[in-house]
There are 2 protein chains.
Amino acid sequence: MEKYSSALDGVFVALADPTRRAVIRRLGQGPASVGDLAGEAPMTLPSFMKHVRMLESSGLISTSKAGRVRTCELNRNRFGLINDWLGDQKAIWRERTDRLEQFVTKEDKS
Amino acid sequence: MEKYSSALDGVFVALADPTRRAVIRRLGQGPASVGDLAGEAPMTLPSFMKHVRMLESSGLISTSKAGRVRTCELNRNRFGLINDWLGDQKAIWRERTDRLEQFVTKEDKS
DNA sequence: CCCACACTTAACGCAAGGGCTAAGTATTTG
DNA sequence: CAAATACTTAGCCCTTGCGTTAAGTGTGGG
């Protein structure tokens, strides 16, 4: 149970901030430089960079530097982790529902 | 854009901890008392209670007290928030893919 | 070669998260 | 009614998160 644990920690922490979700939303449309991304955020560059690094260490984005510009890109596959977790959770609900139905059926018989 | 912002903050923060995800997993099988839930967590009761309160304030669970026992229950509908957010994100990817295809098609024609 | 540009590093302040112990409250239960 | 049960509150500690300013590094353009 609860495999992917530490990876999920990072992903959920990364998604728990509006600034970072905005970055992810923006990167959904394609890669962008740190400067471009920071332009939309109401904070100084060093502060914004911390968000970028957190997103990168969570695996949700990757970045690379060319010249003096660092470009950020979304790692779409990383979102599979959330999908899977959500799927697992729903599976548990389904099992329970099944057992409840079984229970109801048994009660009906007796 | 980015409606639900503050609600998502709370939900993602709540999910960012293994102890809390374990509680959610357990509650997927049905309601349980704080005591029962705490039994599986490697920490003292007061510490555990903080997790419960955080889960409740995020809206992922609700609790109610009967006598001296507080019972916790999952709010499955709250998970729709994550589903929707994930859906929005995928929609953005799809739009981009569509535009890319359009672009490729145009290039083909010329 | 010098300066502007695009980060990057360092150092700090404050609030919140996650854990603990100790003591308190409110219900049973014997 | 006394004692056990099931939380609850209060207070403390340490780490991490999020923001700041100030100064530094490396590239690119004039």
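Note on naming: letters A, B, ... go to the chains in the order of the sequence lines (proteins, then strands), and numbering restarts at 1 for each one. Worth knowing before you read on, the calculation uses all heavy atoms, side chains too, and leaves out hydrogens, waters and symmetry mates.
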I'd like a table of atom pairs between the protein and nucleotides 15-19 of chain D - only N or O on both sides, under 3.5 Å - with the distance next to each one.
{"residue": "dC18(D)", "atom": "OP1", "partner": "R20(A)", "partner atom": "NH2", "Å": "3.3"}
{"residue": "dC18(D)", "atom": "OP2", "partner": "R20(A)", "partner atom": "NH1", "Å": "3.0"}
{"residue": "dG19(D)", "atom": "OP2", "partner": "H51(A)", "partner atom": "NE2", "Å": "2.4"}
{"residue": "dG19(D)", "atom": "N7", "partner": "K50(A)", "partner atom": "NZ", "Å": "3.4"}
{"residue": "dG19(D)", "atom": "O6", "partner": "K50(A)", "partner atom": "NZ", "Å": "2.5"}

Check the interface with nucleotides 24-30 of chain C: list each N/O to N/O pair with the protein under 3.5 Å, or write none.
{"residue": "dT27(C)", "atom": "O2", "partner": "R68(B)", "partner atom": "NH1", "Å": "2.8"}

In whole angstrom, give the distance that lies between atom [atom1] of [X] and atom [atom2] of [N].
{"X": "L55(B)", "N": "dG17(C)", "atom1": "CG", "atom2": "C1'", "result": "14 Å"}
{"X": "R70(B)", "N": "dT8(D)", "atom1": "CZ", "atom2": "C1'", "result": "9 Å"}
{"X": "K65(B)", "N": "dC7(D)", "atom1": "NZ", "atom2": "C1'", "result": "5 Å"}
{"X": "L45(B)", "N": "dG19(C)", "atom1": "CG", "atom2": "C1'", "result": "13 Å"}
{"X": "F48(B)", "N": "dT8(D)", "atom1": "CZ", "atom2": "P", "result": "12 Å"}
{"X": "L37(A)", "N": "dT8(C)", "atom1": "CG", "atom2": "P", "result": "13 Å"}
{"X": "E56(A)", "N": "dC7(C)", "atom1": "CD", "atom2": "C1'", "result": "14 Å"}

Is R53(A) near enough to dT8(C) that one of its side-chain N or O atoms lies under 4.0 angstrom from OP1 or OP2?
-> no

Margin query: In this structure, would M54(B) and L8(A) fall into the same cluster of hydrophobic residues linked by side-chain contacts under 4.5 Å?
Written below: no

Is F12(A) reachable from V52(A) through a run of I, L, V, M, F, W or Y residues, each pair having side-chain heavy atoms under 4.5 Å apart?
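Same cluster.
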
### Query
Are the side chain of R25(B) and the backbone of R20(B) linked by a donor-acceptor contact shorter than 3.5 Å?
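Not confirmed, R25(B) side chain does not pair with R20(B) backbone.
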
query: Quick one: are W85(B) and V11(B) in side-chain contact, heavy atoms under 4.5 Å?
result: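 No; the side chains remain at least 4.5 Å from each other.
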
Excluding I92(A), membership of its hydrophobic cluster (Ile, Leu, Val, Met, Phe, Trp, Tyr; side-chain heavy atoms within less than 4.5 Å) reads none

Return a table of donor-acceptor pairs under 3.5 angstrom between the side chains of residues 31-44 of chain A and protein atoms on other chains or two or more places apart.
{"residue": "S33(A)", "atom": "OG", "partner": "D36(A)", "partner atom": "N", "Å": "3.1"}
{"residue": "T44(A)", "atom": "OG1", "partner": "S47(A)", "partner atom": "OG", "Å": "3.1"}

Rounding to 0.5 Å, atoms CD (E73(A)) and CG (L60(A)) come to a distance of 13.5 Å

Checking dA10(C), dC7(D), dT8(D) against the side chain of S33(B) (C-beta onward), the nearest is dC7(D)

Residue set satisfying side chain to side chain donor-acceptor pair (under 3.5 Å) with Q29(B), at least two apart, ordered chain then number -> none

Contacts of T71(A) meeting side chain to side chain donor-acceptor pair (under 3.5 Å) (sequence neighbours excluded), chain-then-number -> none

